[in-house]
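Just the heavy atoms: all of them, side chains too, but no hydrogens, waters or symmetry mates, feed the values below. Counting convention: from 1, in listed order, for ligands and their atoms alike. As the structure is a prediction and not an experimental result, all values here were calculated from the model.
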Amino acid sequence: VPAQVLTAGAEPLTVDDVRVRATEMLPPELSDFLAGGAGAETTLAANRRALDQVAVVPRVLSGAAAADPGAGLLGGSSRLPLAVAPMAYHRLFHPAGETAVARAAAAAGVPFVVSTLSSTSLEELAGTGGERWFQLYWLRDDRETFELVHRAEQSGCRVLMVTADVPIMGRRLRDVRNRFALPPDVRAVNLRAGARSVAHDPGAGSALAAHTQAAFHPALSWAHLERLRDRTALPIVVKGILDPADAREAAARGMDAVVVSNHGGRQLDGAVAAAAALPGIVAAAGDRCQVLLDSGIRSGTDVLRAVALGAAGVLVGRPVLWGLAAGGEAGVTQVLSLLGDGLREAMRLAGCADLAAVRQLRTTVVS
Ligand SMILES: Cc1cc2nc3c(=O)[nH]c(=O)nc-3n(C[C@H](O)[C@H](O)[C@H](O)COP(=O)(O)O)c2cc1C
C-alpha cells in the first residue's frame, strides 16, 4: 500500500469520503475484510439504521459560546468521548500500522486500544506516547494469556478490555469467498506462535477464522473474568455486551465498564443493533459501571446521539483503518478531526457547552 497522504482530489468532508478513497486504494480482499460483516450483513446494516433513527432534541438560548467535548473515560481524561477500537493487523493497511494509528490518537488526545492481534509489539507501541489500552482475547493457554496481561501492564497500557463476543469467529462470507489469509510479513507479533500460523494458510475458507479457532479460548465464562479481576489492578472493560442482564453481571463482578457492541456486525448476524440495545443497558447498569458504545459510529452527530442516549463515550473502528489505508498517520488524524470537529459543531447546534449537557438532551426514536 503506498504511503500516500490525502492530497489528491478534494479534501474529504466526511468519513464516507475517506472510505471511498481507501476502497479505491486497497486490494479488494482487504477492503472486504475491513468493511464486511457476518452472514447476510443484516446486523451491519441495522447498526447504521438504529443510529439514523435516533433523533436528538436540541436546546436553545443556553448562552453557551463554545463546546468542550472533553470526557472522563475509565478514570482518565480524553479530549473527546471516543477511543480507537481494538482492531487486528493494522499493517495490512499501511506499513506504519499500529504505530501510525497510536501516534494519531495520541496527537488527538484520545485512547488507542491495542488488539491482542496487533501486528506491532506492545513494547514498540510504548514509544508512541498517548494513552493506550489493551484488548484481550483470552487464549486457550492461560499462562500465555496472563503473560500478555503482564506485558500490557509493563508497557504502560492503562486499561484492559476483554472481548467477550468471539467464542468462535462469525462467518464472514466475503473472507470465506476470498479465502482470506495473512501475507507473510503481517502477523500477530504479541503471540507466541512463531512467524507463521494458520492465519497465513489459505485453506477452504477464512484463514483468520481457523486461527481464531486454534488460538482463542472457546468457552470463556464470568469465572475467567473474576480471576483476571483478582490478578490486576487495572480497570477492566467487557466488550461485546448487548443484554442488560450481562451488563448487571459485569457490574456485580467488579468490572469497571462495558462496551455495548456487536463487533461492528462481524459476529452474530441477526444480533440486535448496538444503538438499539444501549438505553436498556444504561438503565440496568449505568449507575454502577461506565457504558461505552461501538458499531456504526461514522460522524460527530453519531457520537452526540450515543452520549445523549447515555453512553460515556464510543469506540470507532473501521473509519480509523480507512484513514490509515488512505493516508497513513495523516489519514487517521484527518478521520479523528472530522469526528471531533463534527461533534463540537453538533454540540454547538444542540445548545450544549459540555457532555453533561449532551446527556440531558431528549431523544426520540423515529422509524
Ligand atoms: C478489521 C477489523 C478488525 C477487528 N479486530 C478486532 C480485534 O482484534 N479485537 C476486538 O475486540 N475487536 C475487533 N474488531 C471490532 C472492533 O473493535 C469494533 O467492535 C467494531 O469495528 C466497531 O464497529 P465500527 O467498525 O462500525 O466502528 C475489529 C473490527 C474490524 C473492522
Side-chain angles (χ1 to χ4, degrees), residues 15-16 18-19 22 26 29-38 41 43-51 82-94 97-98 101 111-120 133-139 148 159-167 169-170 172 174-175 180 182 186-191 199 206 208-209 211-212 215-216 220 237-242 258-268 271 273-275 292-299 302-303 306 311 313-325 335-336 339:
V15 163
D16 205 52
V18 181
R19 178 189 63 78
L26 286 170
E29 71 275 14
L30 279 184
S31 48
D32 273 348
F33 167 60
L34 177 48
E41 301 190 341
T43 295
L44 178 66
N47 283 333
R48 261 319 321 157
R49 210 165 39 245
L51 280 162
L82 181 159
V84 174
M87 289 178 288
Y89 308 122
H90 291 196
R91 282 163 46 79
L92 284 172
F93 303 100
H94 192 279
E98 285 83 1
V101 177
F112 169 64
V113 191
V114 184
S115 167
T116 288
L117 300 177
S118 172
S119 50
T120 307
W133 302 358
F134 180 66
Q135 176 265 328
L136 181 68
Y137 278 131
W138 206 289
L139 304 172
L148 274 177
V159 171
L160 292 175
M161 179 179 286
V162 183
T163 299
D165 59 4
V166 188
M169 186 178 275
R172 303 177 193 159
R174 303 194 206 200
D175 298 344
F180 185 64
L182 293 182
V186 177
R187 64 189 185 91
V189 295
N190 291 303
L191 301 188
S206 159
L208 295 192
H211 181 246
T212 295
F216 295 2
L220 209 57
V237 184
V238 187
K239 174 170 181 277
I241 296 290
L242 291 168
V258 296
V259 185
V260 180
S261 167
N262 53 39
H263 216 99
R266 293 162 80 85
Q267 286 300 104
L268 173 67
L292 306 175
L293 173 83
D294 80 20
S295 298
I297 298 291
R298 297 291 177 266
S299 68
D302 289 339
V303 184
V314 301
L315 307 183
V316 179
R318 294 175 183 90
V320 168
L321 292 185
W322 286 322
L324 179 68
V335 164
L336 295 175
L339 294 169

>> Tell me the protein heavy atom at minimum distance from atom 24 (P) of ligand 1, and give that distance in Å.
In response: Arg318 NH1, 3.5 Å
>> Can you report which non-hydrogen protein atom sits closest to atom 12 (N) of ligand 1, along with the distance?
In response: Lys239 NZ, 3.0 Å
>> Students should be able to answer this: which protein heavy-atom is nearest to atom 27 (O) of ligand 1, and at what distance?
In response: Gly317 N, 2.9 Å
> Counting heavy atoms only, which of Gly37, Ser295, Ser261 is nearest atom 23 (O) of ligand 1?
Replying inline: Ser295
> Any N or O on Ala88 sitting closer than 3.5 Å to an N or O of ligand 1?
Replying inline: yes
>> The criterion is side chain to side chain contact (heavy atoms under 4.5 Å, CB included); which residues satisfy it with Ala164, sequence neighbours excluded?
In response: Val238
> Is a side-chain donor or acceptor of Arg172 paired with a backbone partner of Asp32 at a separation under 3.5 angstrom?
Replying inline: no
> When you measure from the side chain of Ser119 to the backbone N and O of Arg91, does any donor-acceptor pair fall under 3.5 Å?
Replying inline: yes
>> Heavy atoms only, cut-off 4.0 Å: how does Tyr137 contact ligand 1, side chain, backbone, both, or neither?
In response: side chain
>> Between Thr116 (side chain only) and Gln135 (backbone N and O only), is there a donor and an acceptor less than 3.5 Å apart?
In response: yes
> Which is it for Gln135 and ligand 1 at heavy atoms under 4.0 Å: side chain, backbone, both or neither?
Replying inline: side chain
> What residue and heavy atom of the protein are closest to atom 28 (C) of ligand 1, and at what distance?
Replying inline: Met87 CG, 3.7 Å
>> Quick check on contacts: which atoms of ligand 1 are under 4.0 angstrom from a heavy atom of Ser115?
In response: 7 (C), 8 (O)
> How far is atom 16 (C) of ligand 1 from its nearest protein heavy atom, and which residue and atom is that?
Replying inline: Pro86 O, 3.5 Å
>> Could you identify the single nearest non-hydrogen protein atom to atom 20 (C) of ligand 1 and state the distance to 0.1 Å?
In response: Gly264 N, 3.8 Å
>> For atom 19 (O) of ligand 1, what's the nearest protein heavy-atom neighbour? Residue, atom name and distance, please.
In response: Asp294 OD2, 2.7 Å
> Counting distance only, does the side-chain N/O of Gln267 pair as donor-acceptor with the main-chain N or O of Asp165 below 3.5 Å?
Replying inline: yes
> For Leu321, is at least one N or O under 3.5 Å away from an N or O on ligand 1?
Replying inline: no
>> Can you list everything that forms a salt bridge (charged side-chain N to carboxylate O under 4.0 Å, His left out) with Asp175? Sequence neighbours excluded, please.
In response: none
> Among Arg266, His263, Arg172, Arg298, which one has a heavy atom closest to atom 1 (C) of ligand 1?
Replying inline: Arg266
